[in-house]
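Structure first, commentary second.
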Amino acid sequence: MSDRPEALPPDWPEESAQRLAKAAQLREMGIDPYPTRYERTHSLGDLIARWGERTMEELEQEGASVRIAGRVLTRRGQGKVSFATLTDGDARLQIYVRADDVGERGYRVFDLLDLGDFVGVAGTVMRTRRGELSVQVRELTFLGKALLPLPDKWHGLSDVEIRYRQRYVDLVANQEVRRTFVARSAMVSEMRRFFDARGYVEVETPMMQPIAGGALARPFVTHHNALGLDLYLRIAPELYLKRLVVGGLEKVYEINRNFRNEGISSMHNPEFTMLEFYTAYFDCRDVIAFTEELLAAAARRLAPSGSVRFREREVSFQIPFRRLPMKQGVADALAAHGMAGAAEALEDPKTLDGLVGTQGFRDLCAKEKVDAGAYAGLSHGKRVVQLFEDFVEESLWEPTFIVDHPVEVSPLAKTYAEDPRVADRFELFVAGMEIANGFSELNDPLEQRGRFLDQLREREKGDAEAHRMDDDYVRALGHGLPPTGGCGVGIDRLAMILTNSPSIRDVILFPHMRPEGGRDRD
RNA sequence: AGGCCGUUAGCUCAGUGGUAGAGCGCCUGCCUUUUAAGCAGGGUGUCGUGGGUUCGAUCCCCACACGGCCUACCA
């Protein structure tokens, strides 16, 4: 065991010294300020559930004896009688301490309690004259000294930097933060239940990959010393999960972290949680139906009506969600902006090329604060996607499945037999955010190899996000992937919507921040 | 990466070119049913950091750090 320094860390407030002195006084009384355990009969929530509706007389008659514990949140002293509110994170309950009941020594222990300390209480369930359910204390047990003060008892903690860096303080001070993360847990647990009930196998695939595949994004690089090998933190588990389907795990899912070396915003964190699932013999339409059921079940778990408020607006997860072909969405949006003939242009590369060069289009871009220059030199399919992102995406509030993506942006998806330019793919948008992405998985090994070669050419042209060749994945497909449908769901964003959290940082316990105290200078 | 805004007590915040203020918390005292308990007293501080202007800077100027929002990349 290390030596216990007598001095407090230099940046701790003066109040810490006072609290430390109280801990010393407890030790002088033969009381350990940091004991190891306490036997409870009830959590505070249990106690409230059991006795919360009883009258003062009923409680007096029953005289129920309980042992509870919690952190002291507030104190109201009154000479030889005091009140304190305890919290166990979940619920709050008042205790009522009389010097006559606990004795001089017991009352002294109560005096040495600061806000934030932990205490165990043995006593009787009762209701005060003002009607508040309380435990009248018979015996106090000191359970843990807090040397640092809690934030303001009614303004709480609002400094967002401290809220994110010191989430432990945020959780104590702001009850809604706890509710949000408990709700997120319930959402994920409901999704696991959904998969487990349908015979899916939950798996874990590599976080560190020699080739970061399965999505279009820039990866983080790390290094394995013993192997002398650079590895990438995964940007998606997709290619590994499909290898498992090749191996006969016909229904698999994984809920785990992805890492993308890109910007940070209210919708982006460098590490984020993704659900991916794959089902043999499903096509894209089956996956859409399944995803719809899954999200509706998750939403109902948090809001039985299936409808939630997000950013002051209603979002309904009632089935069925809207289906909208990408080109139709673009054509409608452009028509609404007065661009006549957009629908025809989307069907013909030359016409679209002409359209994005017109003054009318450039004026529209200027008006919508869109970069018109981004449209130069794009392939037809990428142009359609760009139009979708610039003019449609944000407006998709109610859950909407966008379908029929250009093949260029879908290198792992099957195309329609009747039109090889269109992928059998969907993306689900809710509240203007992409929440899910799925498709009929491309299982022709040679076509997949060809798509990788196309991606390599894109990479050579400077697209840092283009796929790399993955020979082992092609080899896996060579052994035979059954017809398969798969989907990825952004868990953090879904949690944002279902918990009405405006920022992704409100649903990630420890969101990415610069290191405290500044970074080392390069 | 670019633009705008912010950084003052443990917390929430006001404020001024002349060495700093409120509420809560905290400290001292009183009070045997309180509820943001009350009453009397006490201000606890590197005014983000480093330079500059000035007789004098927490305030004005510059740089930097950290944070927020927006834009860009992205899910």
Side-chain angles (χ1 to χ4, degrees), chain A residues 11-19 21-22 56 73-85 92 94-102 107 114-116 126-134 136 146-166 169 172-174 215-218 235-236 258-276 369-371 374 389 393 427-430 432-437 463-465 488-494 496 502-505 511 513-521:
Chain A
D11 57 334
W12 286 18
E14 198 172 301
E15 190 180 335
S16 292
Q18 292 159 1
R19 287 169 174 247
K22 290 181 186 173
M56 189 186 296
L73 263 192
T74 63
R75 288 179 45 150
R76 296 169 290 283
Q78 192 164 2
K80 298 291 181 208
V81 170
S82 290
F83 298 86
T85 303
R92 297 176 172 190
Q94 176 171 271
I95 61 169
Y96 169 42
V97 193
R98 302 199 322 157
D100 289 350
D101 293 338
V102 298
Y107 210 69
D114 285 305
L115 300 190
M126 51 89 71
R127 201 174 280 284
T128 62
R129 239 174 250 170
R130 298 291 181 90
E132 179 155 348
L133 185 70
S134 307
Q136 185 165 354
L147 292 179
L148 288 163
L150 287 173
D152 191 289
K153 71 179 175 189
W154 84 75
H155 289 110
L157 179 69
S158 60
D159 181 320
V160 290
E161 183 171 357
I162 300 179
R163 288 192 46 214
Y164 296 148
R165 284 197 200 279
Q166 303 179 33
V169 177
V172 174
N174 299 318
L216 307 176
R218 297 217 297 274
I235 56 175
N258 288 348
F259 307 85
R260 297 191 185 173
N261 204 342
E262 281 155 358
I264 297 171
S265 79
S266 60
M267 291 196 292
H268 301 88
N269 197 62
E271 51 180 303
F272 63 101
T273 301
M274 182 99 123
L275 156 71
E276 284 204 15
K369 299 198 170 81
V370 163
D371 177 14
E389 289 173 357
E393 189 170 323
E427 288 178 297
L428 175 67
F429 290 85
V430 186
M433 295 188 287
E434 186 187 339
I435 295 296
N437 174 25
D463 184 351
E465 292 176 1
V489 177
I491 293 295
D492 312 275
R493 287 180 175 182
L494 185 60
M496 283 170 69
S503 168
I504 200 167
R505 293 170 153 192
M513 304 279 278
R514 278 206 172 88
E516 228 172 329
R519 59 188 165 182
D520 294 335
R521 302 300 296 272

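Note that this is a predicted model, so its numbers are computed, not measured. All heavy atoms count here, side chains included; hydrogens, waters and symmetry mates do not. First the proteins, then the strands, lettered A, B, ... as listed; each starts at 1.
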Interatomic distance, [X] [atom1] vs [N] [atom2] [rounded to whole Å]:
| X | N | atom1 | atom2 | result |
| --- | --- | --- | --- | --- |
| A:I235 | B:A75 | CD1 | P | 9 Å |
| A:W12 | B:C26 | CH2 | C1' | 17 Å |
| A:D492 | B:A75 | CG | C1' | 9 Å |
| A:R218 | B:A72 | CZ | C1' | 11 Å |
| A:K22 | B:G25 | NZ | C1' | 11 Å |
| A:M496 | B:A75 | CE | P | 15 Å |
| A:I264 | B:C69 | CD1 | C1' | 14 Å |
| A:D371 | B:G2 | CG | P | 18 Å |

Worksheet item: Looking at A:E276 and A:G488, what are the two nearest heavy atoms and their distance?
Response: CG-CA, 3.7 Å

Response to the item:
For A:A215 and A:R260, the nearest pair of non-hydrogen atoms, with its separation, is CB-NH2, 3.5 Å

What integer number of Å spans the [atom1] atoms of [N] and [M]?
| N | M | atom1 | result |
| --- | --- | --- | --- |
| B:U16 | B:U58 | P | 16 Å |
| B:G50 | B:U8 | P | 16 Å |
| B:G18 | B:A22 | C1' | 22 Å |
| B:A72 | B:G2 | P | 16 Å |
| B:A57 | B:U19 | P | 11 Å |
| B:U12 | B:U33 | P | 35 Å |
| B:A9 | B:G42 | C1' | 15 Å |
| B:C59 | B:G67 | P | 23 Å |

Reckon [X] has a side-chain N or O less than 4.0 Å from the OP1 or OP2 of [N]?
| X | N | value |
| --- | --- | --- |
| A:R493 | B:A75 | no |
| A:K153 | B:C24 | no |
| A:R163 | B:G67 | no |

Does any N or O in the side chain of [X] come within less than 3.5 Å of the main-chain N or O of [Y], such that one atom is a donor and the other an acceptor?
| X | Y | result |
| --- | --- | --- |
| A:Y96 | A:R127 | no |
| A:S82 | A:V97 | no |
| A:N174 | A:L157 | yes |
| A:R493 | A:E434 | yes |

Practice prompt. Could you give me the CA-CA distance, side-chain angles and deciding distance for A:D100 and A:K80, then say whether side-chain contact (heavy atoms from CB on, under 4.5 Å) is met?
Written response: CA-CA 8 Å; A:D100 289 350; A:K80 298 291 181 208; over 6 Å; no

Discussion item. Quick check for you: to the nearest 0.5 Å, what is the distance between A:S134 atom OG and A:M56 atom CE?
Written reply: 9.5 Å

Just to verify, what does [X] make a salt bridge (charged side-chain N to carboxylate O under 4.0 Å, His left out) with, not counting sequence neighbours?
| X | answer |
| --- | --- |
| A:E393 | none |
| A:E427 | A:R425 |
| A:R218 | none |

Enumerate all atom pairs, one protein N or O and one N or O from nucleotides 30-34 of chain B, separated by less than 3.5 Å.
unit_1 : atom_1 : unit_2 : atom_2 : d
B:C31  : N3     : A:G79  : N      : 3.2
B:C31  : N4     : A:G79  : N      : 3.4
B:U32  : OP2    : A:K80  : N      : 3.3
B:U32  : N3     : A:D100 : OD2    : 3.0
B:U32  : O4     : A:D100 : OD1    : 2.6
B:U32  : O4     : A:D100 : OD2    : 3.0
B:U33  : O2     : A:R129 : N      : 2.8
B:U34  : OP2    : A:R130 : NE     : 2.7
B:U34  : OP2    : A:R130 : NH2    : 3.1
B:U34  : O2     : A:R76  : NE     : 2.6
B:U34  : O2     : A:Q94  : OE1    : 3.2
B:U34  : N3     : A:Q94  : OE1    : 2.9
B:U34  : N3     : A:Q94  : NE2    : 3.0
B:U34  : O4     : A:Q94  : NE2    : 2.8
B:U34  : O4     : A:T128 : OG1    : 2.5

Practice prompt. Quick one: do A:T85 and A:R76 satisfy side-chain contact (heavy atoms from CB on, under 4.5 Å)? Show the steps, please.
Written response: CA-CA 9 Å; A:T85 303; A:R76 296 169 290 283; 3.4 Å; yes

Response to the item:
Here RNA chain B, pairs taken as Watson-Crick or G-U under 3.5 Å and shown with ( ), [ ] when crossing and | when to another strand, reads (((((((..((((....[..)))).(((((.......))))).....(((((..]....))))))))))))....

Worksheet entry | For B:U16, glycosidic torsion class - syn if within 90° of 0, otherwise anti | anti

Discussion item. Each nucleotide in nucleotides 3-13 of chain B should get exactly one letter: B, S or -. Can you fill that in based on protein heavy atoms under 4.0 Å?
Written reply: -------SBSS

Discussion item. For a quick check of understanding: with a heavy-atom distance under 4.0 Å over all strands, which category does A:G263 fall into, base, sugar-phosphate or nothing?
Written reply: base

Discussion item. Just to be sure I understand the rule, does A:L216 reach a base, reach only the sugar-phosphate, or reach nothing, if contact means heavy atoms closer than 4.0 Å?
Written reply: sugar-phosphate

Worksheet item: Of A:V172, A:T74, A:V169, which is the lone residue that meets side chain to side chain contact (heavy atoms under 4.5 Å, CB included) with A:L150?
Response: A:V172

